S.K.: 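Quick one: structure below, then a few questions.
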Amino acid sequence: MKALLTTTRIFMKLGWRNLWRHKRRSWVVISSIALGLIMIMFSIGFINSMLRQMLDNNISTKLGHVAIYQKGFFTNMKLETNFLPDERIMPVLSKDRDIVAFSPRVKAMGMLRTSESSRGVLVFGVYPDREIKISKINEYTTKSGGSAYLDSISSNDILVSQSLASKLEVQVGDKIVLMLQDRHNDIVGVGLTAKGFFQTPVEMFDKSVVFMGIERLQQITGLGKNVSEIMIITKDKKLAGSVKKRILAASANPELDILSWEDMAPELVSLIKMIDKQMIIFYAIVFITIIFSIANTLIMSIMERFHEIGVMKSVGTRPLQIFFMVMFEALNLGVVGLAVGLTVAVAIIQIMGHTGVDLSSFMSLLRSWGTGSIIYPFVTLKDILVAVVVVEATTIIAAIYPAVKAARIKPLEALHFI
């Protein structure tokens with residue numbers, strides 16, 4: 001064991017010595033590794049931020065972390081599919097340590113009409129004070145030009161998006177006619193007043209959703225005290241699954257669907273998994289860059305030391321020892337390149353993660369994806385560990401051929417090599 005450690009130490013020193021003997025070529029390789037690593041870490045940082053914002057924005061507008069529905073409502077939003085919150089569920093929601101806030105909502109399909117235009121919409125009936133705790137609609141509501149957030153559950157006020165208001169040519173205070181089917185399938189029309197406008201980062205949401213007081217919508221639709229859903233926010237989205245299980249156990253009502261955000265947005269979950277798989281492409285780019293850089297450098301280094309290696313073999317150095325000497329040289333290149341790349345990348349990403357990267361010029365594109373105009377890149381410990389493993393594994397693979405070539409050098413040919 002002691003002999004093995006001594007031999008390992010010797011060849012590590014030889015690896016470092018050879019690296020510094022060919023500093024110029026070594027720094028080209030180190031720069032290639034560092035640059036490739038910086039590029040991939042930046043890509044991962046931006047993708048992480050965009051995925052997080054996309055998910056958080058959908059959760060903070062329409063999904064929540066957990067939601068309770070009458071069975072079948074989520075897949076087919078019919079007004080008649082509603083329920084009355086019973087005494088078994090409400091105490092559980094109030095006492096659960098992982099639930100931050102919850103609020104009942106009513107949802108109804110309808111049509112907004114003005115003298116200029118009409119649009120089909122999904123009407124959310126909400127408790128304005130509770131909605132502040134479960135969604136960010138209050139934050140997204142503009143406060144200029146008289147626009148204001150809802151303040152009553154029973155008034156004829158309505159909150160519409162800026163894009164929808166523009167298409168309907170509506171200003172604050174204008175009258176809008178809402179037409180919908182009530183629970184008896186009768187067409188009902190009611191005049192409402194535009195209370196304010198909002199703009200979320202999710203373009204599709206803004207195109208089709210409006211808000212009004214829950215009690216007034218219950219009166220219009222004839223639902224009474226019944227609701228369409230109860231939206232729940234937990235301390236962390238990772239807790240949604242456990243909270244869902246506790247509510248299921250407490251309610252024991254087969255007529256209710258209790259869904260986590262993962263159940264409600266399978267397309268987002270699939271997108272995240274797909275992008276994770278696509279990151280293999282980015283790693284492959286770094287993989288190829290490192291292989292050619294290291295292999296080329298080591299082969300050139302071996303050719304320059306062809307005579308020296310022949311002398312080493314002549315005095316009794318074994319082929320396996322030559323092999324490990326070259327491998328250690330490659331590992332040294334990988335370690336230095338990895339250290340430089342990670343240090344620079346993580347430092348810059350940390351700074352940009354606090355200041356943000358303003359992409360307002362691409363606002364329309366980002367809103368179509370459901371992300372904000374300011375991206376806050378970040379990398380996780382998992383991302384860093386994967387990068388370390390990929391770079392070092394690639395370094396080892398890239399060094400195998402040059403190391404084998406060096407180990408097979410024949411002493412006689414090497415001694416006569418010029």
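Quick caveat: nothing in here was measured; it's all calculated off a predicted structure. Any value given below was found using the heavy atoms of this structure, including those in side chains, with hydrogens, waters and symmetry copies removed.
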S.K.: Side-chain contact, heavy-atom cut-off 4.5 Å: Met264 with Lys62?
M.R.: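 No, too far: nothing below the 4.5 Å cut-off.
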S.K.: Decide whether Asp263 and Ser260 meet the rule of one side-chain donor and one side-chain acceptor closer than 3.5 Å.
M.R.: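 A donor-acceptor contact under 3.5 Å links the two side chains.
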S.K.: Rounded at 0.5 Å granularity, tell me how far CG in Leu239 sits from OG1 in Thr234.
M.R.: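 Leu239 CG to Thr234 OG1: 5.0 Å, rounded to 0.5 Å.
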S.K.: If you measure from the Lys or Arg side-chain nitrogens to the Asp or Glu carboxylate oxygens, is any gap between Lys237 and Asp56 under 4.0 Å?
M.R.: yes
S.K.: Surrounding CZ of Arg113 (heavy atoms of other residues, nucleotides or ligands, distance under 6.0 Å), is the total greater than 12?
M.R.: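 Counting neighbours around CZ of Arg113, 12 or fewer heavy atoms of other residues, nucleotides or ligands fall under 6.0 Å, so no.
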S.K.: Measuring from atom CE of Met327 to atom CZ of Phe323, what distance do you get when rounded to the nearest 0.5 angstrom?
M.R.: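 So the gap between those two atoms works out to 5.0 Å.
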S.K.: Does a donor on one side chain and an acceptor on the other come within less than 3.5 Å for Ser144 and Thr142?
M.R.: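 Side chains of Ser144 and Thr142: no pair found under 3.5 Å.
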S.K.: I need the full list of ring pair (Phe, Tyr, Trp, His ring centres under 6.0 Å) pairs touching residues 161-208, with sequence neighbours left out, sorted by first then second residue.
M.R.: Phe198-Phe211
S.K.: I'd like to know if the side chain of Lys235 reaches the main chain of Arg97, judged simply by a donor and an acceptor atom lying under 3.5 Å from each other, with no hydrogens or angles considered.
M.R.: yes
S.K.: Between Asp206 and Thr200, is any side-chain donor less than 3.5 angstrom from a side-chain acceptor?
M.R.: yes
S.K.: Angle between ring planes, Tyr69 versus Phe73, binned at 30° and 60°: parallel, tilted or perpendicular?
M.R.: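 Rings of Tyr69 and Phe73: parallel, as their planes differ by under 30°.
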S.K.: Step by step, work out the side-chain contact (heavy atoms from CB on, under 4.5 Å) result for Ile230 and Met90.
M.R.: CA-CA 10 Å; Ile230 299 177; Met90 302 309 284; 4.0 Å; yes
S.K.: So which atom in Gly64 and which in Ile233 form the shortest heavy-atom distance, rounded to 0.1 Å?
M.R.: CA-CD1, 3.8 Å
S.K.: Could you check Trp261 against Leu268 for side-chain contact (heavy atoms from CB on, under 4.5 Å), going step by step and ending with a plain yes or no?
M.R.: CA-CA 10 Å; Trp261 64 268; Leu268 279 178; 5.5 Å; no
S.K.: Restricting to non-hydrogen atoms, name the atom on Pro128 and the atom on Tyr149 that form the minimum distance, rounded to 0.1 Å.
M.R.: O-OH, 2.8 Å
